[in-house]
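Following: one structure in C-alpha cells, then a few remarks.
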Amino acid sequence: MTQLTLYNTRTRTKEVFTPLDPTNVRAYLCGPTVYDRAHIGNARNVVIFDILIRLLRRLYPKVTYVRNITDIDDKINARAKERGLPIEAVTEGPIRFYHEDMGALYTLPPDIEPRATEHLGEIIDIIQRLIANGHAYVADGHVLFSVASDKDYGKFSGRTPDELIAGARVDVAPYKRDAGDFVLWKPSSPDLPGWSSPWGRGRPGWHIECSAMSWKHLGENFDIHGGGDDLIFPHHENEIAQSCCAFPGSHFANVWVHNRMLLVNGEKMSKSLGNFLVLHDVLKKAPGEAVRFMLMRSHYRSTLDFSDAGLREAKAELDRFYRALEKNQDVPVAAEVPDCVLEPLLDDLNTPGAIAGLHGLADAALAGDATAAGALKAAGQVLGLFNVSPDEWFRGDIPVEAQALAEQRVAARQRKDFAESDRLRDEIAKLGYLIEDGPRGAYTLRKS
RNA sequence: GGUCCGGUGGCAGAGUGGUGAUGUAGCGGACUGCAAAUCCGCGUAUGUGGGUUCGAUUCCCGCCCGGACCUCCA
C-alpha cells in the first residue's frame with residue numbers, strides 16, 4: 001500500500017516508482033562545482049533530495065545515494081591560474097564549506113561522493129567508446145559529441161535540433177560539425193591544468209564528468225537522477241546522449257526528478273545577475289533547521305521565493321512543534337511514519353501536505369496525546385526535522401546575565417513590583433530572550 | 001522568436017468535477033498583575049471571458065498577467 005509516485009521529467013507525468021533492483025535503489029544527484037560557497041538554491045536541491053532519500057530508506061532495505069563533486073571546471077582553472085595555485089588548493093576550501101553548510105541543514109551525506117579528478121580513466125573510456133561507435137569526433141584538438149549521430153537527441157528536454165540551432169545565442173566554434181555539438185574533451189594550454197589523453201593534454205567537458213561518475217558507481221542503468229530544472233538542458237540532455245550512445249541498449253536513469261528554481265525577492269539568482277544568497281550567510285540569520293524547513297514549505301516543483309518573512313514563519317512553526325515535543329519528552333519515537341505525513345510524501349513529495357499533517361499531530365500532542373507525540377517524532381525523522389532537543393532549540397546556552405535578570409524578576413514579582421518586573425523583562429528581551437511565566441514563580445526562558 | 005510552467009484569503013501555500021487543507025498575520029474570548037505560551041471562536045480567496053457538465057477552482061478554448069528554459073547556473 002505504500003506506493004511512491006514521482007513526477008518524471010522524462011515522461012512528463014507522475015509515475016509509480018518501481019526500482020530496477022528493490023534490494024538496492026540507486027540514486028544520483030548532480031553535486032556542486034567547487035569554486036565558491038554554496039548558495040540557497042543549492043540548498044533547496046539537496047534538502048529535497050535528502051527527503052526523497054530518507055523516504056526511500058523507509059520503503060526499501062538499501063539505497064545507494066551518489067552525489068558528485070565537480071572539481072574540474074573552467075572557473076576553477078581560472079581561479080587557480082589567477083592565484084598561481086594547483087586546483088586542489090582552490091577546491092579544498094569550498095568542499096569543506098559545502099560539507100559544513102549542508103550538515104548545518106541536517107542533510108544526510110551521500111553514500112559515495114565521487115570527484116571528477118578521480119575519474120579521468122572512466123571519462124576517457126567513455127569518450128573512446130563514443131568515438132569508436134561514431135557518436136564523437138576529433139576536431140582541432142577537441143573531441144566533440146555529434147548530436148546528428150543520436151536520433152534521440154533533444155527528446156528529453158523536448159527540443160528538436162532545428163530549434164536548438166535557431167535558438168543558439170553563442171558563436172559556433174568553426175570546428176563543430178553541428179552547432180549543437182558539445183565538447184567531451186578540450187585541449188589545455190600549458191598554463192592551465194590538464195591530464196594526458198589519447199587526444200593530447202587536456203581536460204574533460206562538464207557533461208561527461210557526470211556520465212562517468214554515475215556509470216562507475218551506479219552502472220549503465222539506475223533508478224533516480226536529480227538536479228535543478230535549469231540542468232534539464234543542456235546538462236542532462238547531454239548526459240543521456242553520452243551514456244546511452246556509449247552503452248548501446250542502456251537507458252541511463254529511469255526517473256528524473258527536477259526541482260524548480262528558487263527566487264530571492266522575486267528574482268532568479270544567477271551568476272550573471274550576481275544576486276547570490278550564500279547559504280553560509282543565511283545560516284547566520286536563522287537556525288539551520290529553520291532554513292531547511294523554509295525550503296520544504298512549498299512543493300519542490302513550484303517556484304519558491306526565499307524571503308526573511310518566510311524564514312521567520314518557518315521558525316515560528318518549528319517553535320510550535322518543539323513546544324509539542326518539549327511537553328512529551330519521555331514519549332518514545334513511533335516505529336512508523338503516520339499516514340497524515342507519509343501519504344502526502346508518497347504523492348510526489350508533497351511536503352506542504354506533510355507539514356499540514358505535522359500541525360495536526362502537534363495540536364494533539366500539545367493536548368496531551370502521547371501517541372500523536374510519538375508519531376510526530378517519527379514524522380520528523382523522515383523529514384529530517386527535530387534534530388536537536390527542545391531544550392537546545394529554545395535555550396541553548398543561556399547567558400548568565402539573562403539568568404540573573406530572570407531571578408531578579410521573580411523576586412520583583414513576588415513583592416508585586418510589576419514596574420520593575422516589566423523593566424527586567426525588557427532587559428531580558430534585549431539579550432535576545434523572552435520569558436514565559438508559569439504558576440508559582442516558575443518561568444521559562446526562550447531564545448526569541 | 002521557439003518550448004514549457006503558473007495565476008487560490010493580507011501574506012505563505014496544498015488539494016479537489018459537488019459545501020476551498022495548513023501556516024502566518026488580524027479580530028474576539030478564556031488564562032495571566034500585564035504579557036508570552038496554550039486553549040476556544042471569527043473573518044476574508046480560486047486572474048478574466050466563453051465552452052463542456054445536473055454541477056468547475058478543478059476539464060477544454062481565447063484573453064490578460066507572471067515566471068522558467070533555449071548561455072555558465074541547483
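All values reported here derive from a predicted model rather than from experimental measurement. Quick note on labels: first sequence line is chain A, next is B, and so on, each numbered from 1.
Rounded to a whole angstrom, the distance from the C1' atom of B:rU3 to that of B:rG26 is 43 Å. With C1' as the reference atom, B:rC70 and B:rG10 are 38 Å apart, rounded to whole Å. Separation of the C1' atoms belonging to B:rA45 and B:rC11 is 12 Å when rounded to the nearest angstrom. B:rU16 and B:rU46 are spaced 12 Å apart, taking the C1' atom of each and rounding to whole Å. One C1' atom belongs to B:rA37, the other to B:rU48, and the distance between them is 45 Å to the nearest Å. Rounded to whole Å, the C1' atom of B:rA25 lies 10 Å from the corresponding atom of B:rA12.
Between B:rA74 and A:His39, a contact under 4.0 Å exists linking OP1 or OP2 to a side-chain N or O. The shortest distance between the side-chain N/O atoms of A:Arg413 and the OP1/OP2 oxygens of B:rC34 is not below 4.0 Å. One finds a side-chain N or O of A:Asn42 lying less than 4.0 angstrom from the OP1 or OP2 phosphate oxygen of B:rA74. A sub-4.0 Å separation between OP1 or OP2 of B:rA68 and a side-chain N or O of A:Ser302 is absent.
A:Asp417 places a side-chain N or O within donor-acceptor distance of the main-chain N or O of A:Glu420, the cut-off being under 3.5 Å. Proximity of a side-chain donor or acceptor of A:Asp422 to a complementary backbone N or O of A:Ala419 within less than 3.5 Å is not detected. Under the 3.5 Å distance criterion, the side-chain polar atoms of A:Asn387 are matched with a main-chain donor or acceptor of A:Gly384. A:Lys447 contributes no side-chain N or O that, together with a main-chain N or O of A:Arg395, makes up a donor-acceptor pair within less than 3.5 Å.
A:Glu336 CD: 12 or fewer foreign heavy atoms inside a 6.0 Å radius.
As rounded to whole Å, 13 Å separates atom P of B:rG33 from atom CD of A:Gln414. Atom C1' of nucleotide B:rA74 and atom CG of A:Leu295 are separated by 12 Å, given to the nearest angstrom. Between A:Phe233 atom CZ and B:rC72 atom P the separation is 8 Å, expressed in whole Å. Whole-Å rounding puts the A:Asn328 CG to B:rU38 C1' distance at 14 Å. Across the protein-nucleic acid pair, A:Arg37 atom CZ and B:rA74 atom C1' stand 18 Å apart, rounded to whole Å. Distance CD (A:Glu343) to P (B:rA21): 18 Å, rounded to an integer number of Å. If you measure from atom CG of A:Asp230 to atom P of B:rG67, you get 17 Å, rounded to the nearest angstrom. A:His236 has its NE2 atom 18 Å from the C1' atom of B:rC4, to the nearest Å.
A:Thr444 comes within 4.0 angstrom of no nucleic acid atom, judged by non-hydrogen atoms across all strands. Base contact: A:Gly41 has a heavy atom under 4.0 Å from a base atom. Residue A:Arg301 is classed as having no contact, given no heavy-atom separation below 4.0 Å to the nucleic acid. Within 4.0 Å (heavy atoms only), A:Glu317 reaches sugar-phosphate atoms of the nucleic acid but no base atom. A:Leu262 comes within 4.0 angstrom of a base, heavy atoms only. Residue-level contact check: A:Arg409 touches the bases, meaning some heavy atom is under 4.0 Å from a base atom. Using a 4.0 Å heavy-atom distance criterion, A:His299 is classed as a sugar-phosphate-only contact. Using a 4.0 Å heavy-atom cutoff across all strands shown, A:Asp437 reaches at least one base atom of the nucleic acid. Across all strands shown, A:Leu29 has no heavy atoms under 4.0 Å from either base or sugar-phosphate atoms. A:Arg425 comes within 4.0 angstrom of a nucleotide base, judged by non-hydrogen atoms across all strands. At the heavy-atom level, A:Pro344 lies nowhere under 4.0 Å from the strands shown. As judged by a 4.0 angstrom heavy-atom cut-off over every strand, A:Asp319 is placed among residues making no nucleic acid contact.
The aromatic rings of A:His235 and A:His207 lie tilted to each other, with the angle between the two planes from 30° to 60°. Ring geometry for A:His258 versus A:Phe156: interplanar angle of 30 to 60°, hence tilted. Under the 30°/60° scheme for interplanar angles, the aromatic rings of A:Tyr153 and A:Phe145 are found to be tilted. Between A:His236 and A:His225, the angle of the ring planes goes over 60°, which puts this pair in the perpendicular group of the 30/60° scheme. Ring pair A:Trp393/A:Tyr322 is parallel by interplanar angle, where below 30° counts as parallel and above 60° as perpendicular.
Both tests do not hold together for A:Arg67 against A:Phe49: distance to the six-membered ring centre under 6.0 Å, angle to the ring axis within 45°.
The side chain of A:Leu304 lies closest to B:rG13 when the candidates are B:rA74, B:rG13, B:rG33. The side chain of A:Leu366 lies closest to B:rC39 when the candidates are B:rC39, B:rA74, B:rA35. Closest to the side chain of A:Leu231, out of B:rA74, B:rU38, B:rC73, is B:rA74. Out of B:rA37, B:rA74, B:rG23, the shortest distance to the side chain of A:Arg323 is found at B:rA37. In the set B:rC72, B:rC73, B:rA68, B:rA68 carries the atom at the smallest distance from any side-chain atom of A:Asp229. Of the candidates B:rG67, B:rC39, B:rA14, the closest approach to any side-chain atom of A:Arg260 belongs to B:rG67. Nearest to the side-chain atoms of A:Ala356 among the listed nucleotides B:rG13, B:rA74, B:rA21 stands B:rA21. The listed nucleotides are B:rA37, B:rG23, B:rC73; the one nearest the side chain of A:Glu436 is B:rA37.
Take the nearest nucleotide of RNA chain B for A:Ala367 and for A:Phe418: the residue whose nucleotide is more 5' is A:Phe418. Two residues, A:Pro32 and A:Leu434, neighbour RNA chain B, and the one matched to the more 5' nucleotide by heavy-atom proximity is A:Leu434.
Side-chain to base pairing of A:Asn350 with B:rG15: no donor and acceptor N or O lie closer than 3.5 Å to each other.
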Handout entry: Pair pattern of RNA chain B in dot-bracket, where unpaired bases get dots and | marks partners in another strand, Watson-Crick or G-U under 3.5 angstrom
Key = (((((((..(((.....[...))).(((((.......)))))....(((((..]....))))))))))))....
